[in-house]
Amino acid sequence: MNTFFAMRICALMLLVAAVANAQLNLPSGIHGNFQTDAQYYYVDTTIGAPVVAEKLLNNGFANINYTNGNFSCGLRYESYLNVLQGFNPRFKGNGIMYRYANYANDDLDVTIGSFYEQFGNGLVLRAYEERGLGYDNALDGLRVKYKIATGVTTKAFIGRQRAYFDYGPGIVRGADGEINFNEIFPKMNDKNIQFTLGGSFVSKFQKDADPVYKLPENVGSYAGRFNFGYKNLTWIAEYAHKINDPSVVNNFIYKEGDALYTTLGYSTKGLGVNLSLKRVDNMDYRSDRSETIQTLLINFLPTISRQYTYRLVTLYPYATQTMGEMGGMLELFYTFKPKSTFGGKYGTYLAINSSFVNNIEQSPDTNGFGYSSSFFGIGKQHYYSDVNVELTKKISQKVKMTLNYVYIEYNKDVLEGKNTYGIIYSHSGIVDLTYKINNKHSIRTELQHLYTKQDFGSWAMALVEYSHVPQWIVSAFAEYNYGNYDESKRFFYPNILLTYVKNTNRIAVGYGKQRAGLLCVGGVCRQVPASNGFSLSVSTTF
Amino acid sequence: MKNFIWIVLAIVISGCDKIDQPFKENPSGGGGNPTTYIRKVLIEDFTGAACKNCPDAANTAKNIQNNLYPGKVIVMAIHSGFFAVPGGPFPYDFRTPEGEQLATDFGVQAYPNGMVNRSTFGLATSVVGHGEWASRTDSLLKLPAVATIKIENEYNDATRVIATTITTKALTDLSGIYKLAAFYTEDSIIKPQLNGSVLEQNYVHMHALRGAFAGTYGETVFNNAGAKDSIVKPYSLTIKTDAVPKNCIVVAYLYNETTKEIVQVEEKHFE
């Protein structure tokens, strides 16, 4: 959309809102946030950092929202001059791709313009933004939410999806309904029963201009779900089905797709257990059948493994395989009470989880369907598994400790599209210690080690972080790939970061060398190239 | 309001097209060009030896070139990016500085991917997956030819120098700046390639970009040309030491400097 056009629309909306405010004296306000992330890149071919012609790259944005009673509107201005390394270069220049106006009262909620939306767990629809990944598949069109009766809500929308500074060619439309039985029958609360039931339908339209294939122009998908709770037990499940959707990603096969996601949980004071299971079969769903990677995805398939945050463990993250996977995860959380044998004086928190993902069983088909697959058939190709044990303990008034062991089996060939690596087996150990000097000053250290005989070999990392709350944080860390079998590639990656926070303003200045790798959020990943340089980040909210 | 919701639901639920076999239909045949001259189409296939899905794209290009629109399509396989970095079972370096620059400038991130006459079809990028190549080729072949390109080659076996003379002629008025770019490609290079999960040691690489006569973007040949304007450009270069001359081809194309869109392309074997 033309930037000036978008600004004029928002200005008009603000004017209308201001007039309404003057007439009705409704509560109103402008709020939003701003952030800019700049990086200066040095040439460093030794670590494989690509040469950046511009030397300085910057990603920035500002959200400006106005609310006035039941009315709200807003826009987001984005600037990529040019986009930071590792983000898709289709983010180029400045512009407004997100602007909206919304009216909501007790029963009705109407949005025109841009909006994010999710049906259920996202198996057939999830339009969302993950700024760290450069992921934004916002819908642009019209959405209506309506509360039909107590406990019964519906949503319907139609729109096109954002693709960087453009919109995809397909039109996406959908509807969702949910019944909350606890609102209809309040007595269920007395019996500690919770139950909601939902269903959704999404369809995309894209013209068939292919001279070879007869392509479906309207591709529909549907899903059903429930959330059930009884006392300490919870059970969440969603099943989705998609009709034939030949695309570049599935190599133009006509097989239908489906997905199942379910979690069974039990929790009581000090104890939690969750079991999650997932099956995905040919569920890559986009509003442009020729797109790949993270572009124009309509749905979201949640990952079933733990999302690690400790740096070395993120070397081997799991990304959902939209074309097919079957797996499960078991999680256990237990808090040892204070003054017990394992709890010590302050108690001890223990978290254990393990996950396992393989491909789905497939029988080849030569009639254009690609393959057939039994719903409960687990394939023999191993994708990923992990075991994680995390123990957190407050040792004294001043010292808190987290110990972490992580074992990962990572099929690099499948998960990164390679061929010669096979499955990488890694063991990681982490010690995270925080020493609280006083109420304002504290020091945190991390020691991490990842052991593997494959890939880049073993790594070590150390971090020291000094915090002077609420304003200053200084952190320094270094990663060392001391175990690389190619001795000339045993690189050292030092980093230092100074962060200043005052009220809602945050300024961070850093310098460092960053290794190449995958950055993943929620099972969606992007490749980050190696880099060497200074960084500056400024953000605020208002 | 309830009625509105149900109307929307009804519209949405009707949004399914289930296709029955056969899934393929006869191609439209392309062409449709009433003039004597044909606007040929260049498919630039960004590829890499370590890219497991790239042979699928190569097969798509081959099918378009040989079966769907014979004589009307020229393919250039541009080995570039992450999957083309030599290493491990793929020691041979297919990359060229020009190919790397094209991949960077046109924002090629995922592989395989390609461009069909660098036409954006109204979108932000001209780079698309190989599933779109046939339909784009079909559309572009229906456009009238606005220029012709004639290539004459003379190869010297002793010096391994290829001298080419390229004559470009405008068939209609061409407003704006048009540039001519010339390259040579090579067929039948037998080197390893990852194909799905199989490492094919003796994969036959076709149309591999090997070098450029006048840099990545060539030189300006027309500035607001009139119909029948023509220009002759001689170029020469020494081919790579391991190139097999009988498998080498000169590829030349004319493109609009502003839109980057290729309006004509031609090819000719060295000998």
Side-chain angles (χ1 to χ4, degrees), chain A residues 50 88-90 92 107-108 144 146 148 154 156-158 163-166 168-169 173-175 177 201-205 208-222 243-244 246-249 251-252 254 256 288-293 295 367-368 413-414 417-420 527, chain B residues 1-2 4-5 8-9 11-30 50-53 56 60 63-64 68 82-83 88-90 104 106-107 109-113 121-125 127-139 194 197-199:
Chain A
N88 197 309
R90 289 164 72 179
K92 193 170 188 177
D107 298 328
L108 180 68
V144 178
Y146 189 67
I148 293 174
T154 58
F157 74 91
I158 186 163
Y164 310 100
F165 275 117
D166 205 342
R173 47 269 159 102
F201 187 89
V202 176
S203 170
K204 63 161 177 173
F205 170 81
D208 171 21
D210 196 291
V212 180
Y213 293 97
K214 285 192 242 176
L215 298 175
E217 294 190 328
N218 294 285
V219 176
S221 64
Y222 59 83
I243 71 159
N244 50 193
S247 68
V248 165
V249 173
N251 211 11
F252 285 89
Y254 284 72
E256 302 197 352
D288 183 352
R289 61 176 81 88
S290 68
E291 281 293 356
T292 56
I293 50 175
T295 308
N367 295 316
D413 291 347
V414 170
K418 307 280 173 66
N419 185 53
T420 53
Q527 187 89 34
Chain B
M1 191 61 194
K2 288 180 187 176
F4 169 77
I5 296 290
V8 171
L9 277 172
I11 292 168
V12 166
I13 288 167
S14 65
C16 282
D17 294 340
K18 195 165 180 176
I19 306 293
D20 295 321
Q21 289 183 299
F23 298 132
K24 290 186 177 179
E25 53 196 347
N26 292 326
S28 63
C51 162
K52 66 179 183 180
N53 295 319
D56 290 342
T60 301
N63 185 41
I64 295 168
L68 297 178
F82 178 74
F83 292 110
F90 313 106
T104 302
F106 284 93
Q109 281 226 318
Y111 285 75
N113 245 320
F121 283 78
L123 302 176
T125 176
V127 179
V128 288
H130 64 96
E132 288 289 296
W133 295 353
S135 61
R136 291 194 166 201
T137 302
D138 189 63
S139 301
L194 188 57
S197 57
V198 178
L199 177 62

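Below, chains carry the letters A, B, ... as their sequence lines are ordered, and counting in each starts from 1.
When each of B:N53, B:D56, B:T60 is scored by its heavy-atom pairs under 4.5 Å with chain A, the top score falls to B:D56. Ranked by heavy-atom pairs shorter than 4.5 Å toward chain B, the options A:V249, A:D413, A:V248, A:I243 are led by A:I243.
For B:Y111, no part lies under 4.5 angstrom from a heavy atom of chain A. Both the backbone and the side chain of B:A124 come within contact range of chain A, judged by heavy atoms closer than 4.5 Å. For B:L194, the part lying near chain A is the side chain, with the backbone staying farther off; criterion is any non-hydrogen pair under 4.5 Å. Only the side chain of A:N251 comes within less than 4.5 Å of a heavy atom of chain B; its backbone N, CA, C and O stay farther away. Neither the backbone nor the side chain of B:F121 comes within contact range of chain A; no heavy atom of the residue lies under 4.5 Å from a heavy atom of that chain. For a residue to count as touching a neighbouring chain, one of its non-hydrogen atoms must lie under 4.5 Å from one of that chain's; by this rule B:S197 touches chain A with the backbone only. Only the side chain of A:E256 comes within contact range of chain B, with at least one heavy atom under 4.5 Å from a heavy atom of that chain.
Taking all atoms of both residues into account, the shortest heavy-atom contact from A:F201 to B:C16 is CZ-SG, 3.7 Å. Residues A:P89 and B:G107 approach most closely at CG-CA, 3.9 Å, considering heavy atoms. Minimum interatomic distance between A:N367 and B:Q21 (heavy atoms only, all atoms of both residues): O-NE2, 2.6 Å.
The backbone N or O of B:D17 lies less than 3.5 Å from a partner atom in the side chain of A:N244, making a donor-acceptor pair.
Atoms CG and CD, on B:N113 and A:E291 in that order, are 8.0 Å from each other to the nearest 0.5 Å. How far CG of A:N88 is from OG1 of B:T125: 8.5 Å, rounded to the nearest 0.5 Å.
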